[in-house]
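Worksheet: one structure, shown below.
Below, chain A is the first sequence line, B the second, and so on; all start at residue 1.
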Number of protein chains: 2
Amino acid sequence: MSPTATRTELSILKHLWSGNRMSAREVHDAVSTETGWSYSTTRTLLTRMEEKGLVAKADVHGVAVYAPALSRVTVLGALARELTRDVFDIKGALPASMFADSPHLTGDELAELDAILNAEGSNSKDGDEKQ
Amino acid sequence: MSPTATRTELSILKHLWSGNRMSAREVHDAVSTETGWSYSTTRTLLTRMEEKGLVAKADVHGVAVYAPALSRVTVLGALARELTRDVFDIKGALPASMFADSPHLTGDELAELDAILNAEGSNSKDGDEKQ
DNA sequence: CGATTGACGCTACATTTGTAGCATATTAGC
DNA sequence: GCTAATATGCTACAAATGTAGCGTCAATCG
């Protein structure tokens, strides 16, 4: 089962999902304004996220760059699903359209999200998972 | 700002929202099947939740009974709002209808939820908050 | 080539969360 | 009244989270 991201970790993923891989410094510059974290904090988070399998680290010319290991859709889907299903007992069709207004989700992603939201119990859809 | 409930705490709130106030024992009997917690655990959670202002403790004939301090709608709204707004940048109208299928939400509650989801920044709606 | 700057790898530490046990005060039955 | 369940009040403790600093090595600027 996909690892769960905490609020703080989501702050980072949010930026990583923007597209290109980012170095710790870049991630920091991006999130620091909204978070106020010290560079060390950003780096610690990034490291833990890699251990948890939330991000993938690569080496580009000597510097480490990070990329999300899970797509925005997957994470959003897992969170929404857990919330609605487990906590609020919403059964059956959970419309992915509820996120249709997000400027980040494309039509394809919405379709994917729909699949996640309405998948039955076993999340054995062990296909590759990335960007 | 309303205190935030963790996943485990939500498991308890879920049952408390069922209607009547419950004693620790009752809450435990209700959640233990799904959680497997020991009675102590349930009680610890309840105590912390009271400190955090998530539940209200009352004394009925000597026994402590708990009631949710925040309505299901308020909590759901806060969670959904945070998720969509802060993390997924979904702006503007966030349809409360996305939760329309929950067997727990009445029309009035949906209206309330809608208000929460689409309220502007300042959550200075310091009105009473209860069941 | 020496001093400076940034990236990395570790270590640190206070809180919060998840989970639970123990001792004592009570209450309900014999 | 005495004993057996219970409810309460504390204490415990490991893991996860939030936040950050230090020392070192390598690339860079003079």
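- Here A/Lys52 pairs with A/Glu9 in a salt bridge; the nearest charged N to carboxylate O distance falls below 4.0 Å.
- Donor-acceptor pairing under 3.5 Å, judged by distance alone, is present between the side chain of A/Arg48 and the base of D/dG18.
- B/Thr47 comes within 4.0 angstrom of no nucleic acid atom, judged by non-hydrogen atoms across all strands.
- Separating the CD atom of A/Glu9 from the P atom of D/dT17 is a distance of 6 Å, rounded to the nearest angstrom.
- When only modelled atom types and interatomic distance are considered, A/Thr41 and A/Ser38 share a side-chain donor-acceptor pair under 3.5 Å.
- B/Tyr39 places its OH atom 10 Å from the P atom of D/dT6, with the value rounded to the nearest Å.
- Following rounding to the nearest Å, A/Leu46 (CG) and D/dA20 (C1') show an atom-to-atom distance of 15 Å.
- One finds the CD atom of A/Glu26 at 10.5 Å from the CZ atom of A/Arg21 (value rounded to the nearest 0.5 Å).
- Side-chain N/O atoms of B/Thr6 include one lying less than 4.0 angstrom from OP1 or OP2 on C/dG18.
- Remark: B/Lys52 is not in phosphate contact with C/dT16, judged by side-chain N or O atoms under 4.0 Å from OP1 or OP2.
- Rounded to an integer number of Å, the gap from B/Leu45 CG to C/dT19 P is 8 Å.
- Contact between the side-chain N/O atoms of B/Lys57 and the OP1/OP2 oxygens of D/dT8 is not found at any separation under 4.0 Å.
- Side-chain contact, A/Thr74 with A/Ser71: a donor N or O sits under 3.5 Å from an acceptor N or O.
- At a threshold of 4.0 angstrom between heavy atoms, the contacts of A/Arg43 include nucleobase atoms, whether or not backbone atoms are also involved.
- Atoms CH2 (B/Trp37) and P (C/dG21) sit 15 Å apart, rounded to a whole Å.
- Across the protein-nucleic acid pair, B/Arg7 atom CZ and D/dT17 atom C1' stand 18 Å apart, rounded to whole Å.
- Out of D/dG9, D/dT6, D/dG18, the shortest distance to the side chain of A/Thr8 is found at D/dG18.
- In this structure, NE2 in B/His28 is found 11.5 Å from CG in B/Leu46, a value given to the nearest 0.5 Å.
- Going from atom NE2 of B/His28 over to atom P of C/dG21 covers 11 Å, rounded to whole Å.
- If you measure from atom NE2 of A/His61 to atom P of C/dA7, you get 16 Å, rounded to the nearest angstrom.
- Looking at heavy-atom distances under 4.0 Å, A/Ala24 makes no contact with the nucleic acid at all.
- You'll find that the side chain of A/Arg25 is closest to C/dG6, out of D/dT19, C/dG6, C/dT17.
- Under 4.0 angstrom from either OP1 or OP2 of D/dC22 there lies no side-chain N or O belonging to A/Ser40.
- Side-chain atoms of B/Thr41 lie closest to C/dT19 of the nucleotides C/dT19, C/dT17, D/dG21.
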